[in-house]
Amino acid sequence: MSAAPANPPDPASSMVPPSMATQDEWLWGWDPTPGIVSVWADRDGRALIWRRAPGGGSVTCQRDHFRPWLLLPSLDDLAQLGPRLAAADTPEASAPGAVAYRELSGPGHLRYLVSAARGRLIEDAILAGATARLGHPIARLSELGDDAVLQLPPEEQYLVTTGRTSFRDLAFDDLHRLQFDLETTGLDPNHAAIFMVAVRDNRGLERVLDVAESKLEGPAAEADVIRRLVALVRAADPDVIENHNLHGFDLPFLARRAEILRVPLALGRAGPAGLGRRPSSRGYGPWRGEAGEANPGENGPGTNGSGANGPGTNGSGGDRRGPGRFTIVGRELIDTLDAVRRYDFSARDLPGHGLKAVARHFGLAPEGREYVAGAQVYSTWLADPARVRHYALDDVTEAAGLARLLGGAAFALARMAPRRYERLADAGPATGVLDPLIVRAYLRAGAALPARPASTGIPHSGAALYLFAAGVARRIVKADVASLYPSLMRQYAIGPAADRIGALLALVDRLVEQRLAAKARARAAAPGSPERHTDEALSAAMKILVNSAYGYLGAPGLTRFADVHAANEVTRRGREVLGAICRGLAARGATLLEGDTDGVYFSVPDTWTEADERRVVAEVAALLPPLVRLEFEGRYAAMLSHEPKNYALLTYDGQTHLRGVAFRSSRAEPFGEVFLRRAIGALLAGDVPGVRAAYVETVTALRLHALPSDQVAARVRLTKTPAEYEATRSTRREAAYEAMLAVGRTRWERGEHVRIYRAAGGRPLPLLEADGAGADDAGLGASADSSPSDPREYDAAYYIQLLRASFAARLARAFTPDDFAALFDDPRQPSLFAPPLESIHPVLTPITDAPTAD
DNA sequence: TCAATCCGGGG
DNA sequence: GTGTACGGATTGA
């Protein structure tokens, strides 16, 4: 089949509101082809489509052709084509070397849809025309600037013109998903080697490859492991490859080792060996180091032109712009770290983003989970290979569980947006998902696209966020304003002024409506069933999209239809609604604690029943505009409100939930974490003496050196090489490196984790790891008993000061300053004026300048 | 107390 | 396809 560019209806009709059927096409595409699991296309209009039979049956590959296309503001640069430039509906337009054009409707800037049998025909013509017009050579379309051309990657051109999307009629588990995890002797692939790979998939595969299995030694054994990994992946033939930090560690490491050892990485379903690259903004870009450690030469993984690119890949020499992701033809590469970040961006309840911590948080850790500290993996393997095999398999098992738990949203997005699944998994929702949907809608409607608005400098006012009171309150109710901003956009039809066909509002409408339906279906399905997973994932995806519609408005320079005035109007209405909610609740006797666009926390009188709580929420909800839904979400026994979006909750069945960055500290010293948990538990239970006891006992234990050193050690990462630190040492001393130098260690590896503590006078020293001193991952409780050789020469005064200033401080809002001082007074020198413990009660302090910008 | 810098993940 | 994060902790002045 040959897909034609999107077919415009009569331009005059595009001003009428789009029909429901049209809106659904904008959201879902229109071609029903089921089972697409991967698409690969080139600029000359060749496409390969891998499709899986429904229910997870076999995969077939089909060839397809499409007419590459792009959008231009004028045809001037194509004029020199003469008769080879032809209107799309004329016979001349279908001649082999012809460039066809069609003028789109409306006032939009990008108004010419230009297509040809091969994309290069268009590109070469434009470059020649622009070179002649500008009088200097133009080698790439990107040199012409943002508004001079809109050209999508080939796969997206294909998906937009065909109206196809991935995964129609497939469930998440129908995809063949494979996880692999490298175990290496270190973090830098220029010096360290792969000695083991754990592999599993969702079809029952579970295998560990290691260098000991062959009779080979050294590099030959490692190369053999890589070859066996490649063979195993090809034989399994998965649609998706997943792991935690896949793009940040496993792939760049594997690519570099394969390059050094000259092993071809023929992992794809077609095309040349070697990993491809795609540029990517998110995830690994802004981070210093990242795979830069994998290629410490200069920049990121996209750098090292000599890098993992197979000889056939193109463009690597030029992309010195650091960040990038790897690609494999025919398979989607999914990094669970992206899903974790996307999740925690709104949830803010993860203790860290590492695999082990997240898996434990979600209860995904397998029974008998084996833990080995990163730095000890190789030495442990030498002594006890079975233990490391177990550990590595546990890693891939957790990665698979995480992918399934948090990865559903990206899967569902790929059923809507004309983009590869792997791109949707790491994209920001506004530019990464909404923009492609809107571009597809415009082409489907035959409407010209506006130029991208420049940043106007008009500040947009930001989301409303209120902290009304800080401290401790009881009888807490959380009322949720479901998707406040998108509801307001719908209620008052606030959309981008330039959105002539109303695509953004139509999408928001469809998303909100269909999300409610998906939620209802999920509730009706059996827990744990594939149907439920599908609808929960769909609901999560739609929530991501709906909630990014407002951010889309407020990002000029980034999104094509940004409109700061519209964004500010949404915010203004939001403040109105939030104000109405707060007044309504206060008028009915509630005490407000915190409110933002997600919802409101408030405290109610002791005499209220749950029915009273629900009734009040319903009464206030009735005061709001019809499309704004205020719902009762939950109730809690007590709350410590610390800062906006930072609080602790006690449920009625006695569980404590900590939320917000102030209560997350993966790097913190274990004794402080233990103290904080205990103190907050006592505080919320109303047990002030218990808070004091937690403090006194911790101080005493420090003073008597009853705590082992690993309880006071902080885990830090050495990101500078010895030479780099030497260069900055005179201007800026850093404890981690000083600790190394203090014991005469002048060599370490970039990325190495060490634990350090403060000895007398606050002098940093490394913690000498007792051999086999287990896991170094946060929250694993470190070791129960310390090695007998632990000298415990830590600086108690330093840690007592830290306990008060850093940990106890997070309880400061719960007491008056005097009470706080008394509660966390030095037990050896109690103040004469300290109030008796029994007289101390937690307080709730109103915040006077409540409105703040988020 | 304030400004500047570094951190996040993977072995 | 390009570039953007961000909020907390630590360090030195």
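We name chains A, B, ... by the order of the sequence lines, and we start the count at 1 in each one. Note that the coordinates shown come from a computational prediction; the quantities given were computed from them, not determined experimentally.
Listed nucleotides B:dG11, C:dT11, B:dC6 differ in distance to A:K720; the shortest reach to its side chain belongs to B:dC6. Set against C:dT11, B:dG11, C:dA9, the side chain of A:R758 has C:dT11 as its closest nucleotide. Relative to the side chain of A:R452, the nucleotides B:dC6, B:dG11, C:dT2 differ in distance, and C:dT2 lies closest. Distance from the side chain of A:P153 is smallest to C:dG1 among C:dG1, C:dG12, B:dG11.
With rounding to whole Å, A:D338 atom CG is found 14 Å from C:dA5 atom C1'. Per the geometry, CD1 belonging to A:I756 stands 14 Å off C1' belonging to B:dC7, to the nearest Å. Across the protein-nucleic acid pair, A:R810 atom CZ and C:dA9 atom C1' stand 10 Å apart, rounded to whole Å. The nearest whole Å value for the distance from the OH atom in A:Y391 to the C1' atom in B:dG11 is 7 Å. Taking atom CG on A:L718 and atom P on B:dG11, their separation rounds to 17 Å, with Å as the unit. When the P atom of B:dG11 is taken as reference, atom CG of A:L251 falls 14 Å away, rounded to whole Å. Across the protein-nucleic acid pair, A:R140 atom CZ and C:dG1 atom C1' stand 10 Å apart, rounded to whole Å. Straight-line distance from the CG atom of A:D344 to the P atom of C:dA5: 19 Å, rounded to whole Å.
Look at the C1' atom in both B:dC6 and C:dA5: the space between them is 15 Å, to the nearest Å.
Checked against the 6.0 Å centroid criterion, the rings of A:Y737 and A:Y725 qualify as a close aromatic pair.
At least one donor-acceptor pair under 3.5 Å links the side chain of A:T559 to the backbone N or O of A:Y552.
Residue-to-nucleotide proximity on DNA chain C shows that, of A:E734 and A:L150, the 5′-proximal contact is made by A:L150.
Checking the phosphate oxygens (OP1, OP2) of B:dG11, a side-chain nitrogen or oxygen of A:K356 falls inside 4.0 Å.
Among the protein residues, A:L182 comes within range of the sugar-phosphate backbone only, with heavy atoms under 4.0 Å from sugar or phosphate atoms but none that close to a base. Contacts of A:R423 with the nucleic acid, taken as non-hydrogen atoms under 4.0 Å apart, are absent. A:L355 comes within 4.0 angstrom of the backbone, heavy atoms only, and of no base. At the heavy-atom level, A:R729 lies nowhere under 4.0 Å from the strands shown. Heavy atoms of A:D395 sit under 4.0 angstrom from primed sugar atoms or phosphate atoms, though from no base atom.
If you check the side chains of A:D394 and A:Y371, you find no donor sitting under 3.5 Å from an acceptor.
Donor-acceptor pairing under 3.5 Å, judged by distance alone, is absent between the side chain of A:R257 and the base of B:dG11.
Taking A:R120 as the reference, nothing meets the side-chain hydrogen bond (donor to acceptor under 3.5 Å, both in side chains) condition, with sequence neighbours excluded. Annotation: ring-ring contact (aromatic ring centres under 6.0 Å, His included) contacts of A:W381 (sequence neighbours excluded): A:F195.
Taking the six-membered ring for Trp and thresholds of 30 and 60 degrees, A:Y794 and A:Y799 have ring planes more than 60 degrees apart, a perpendicular arrangement.
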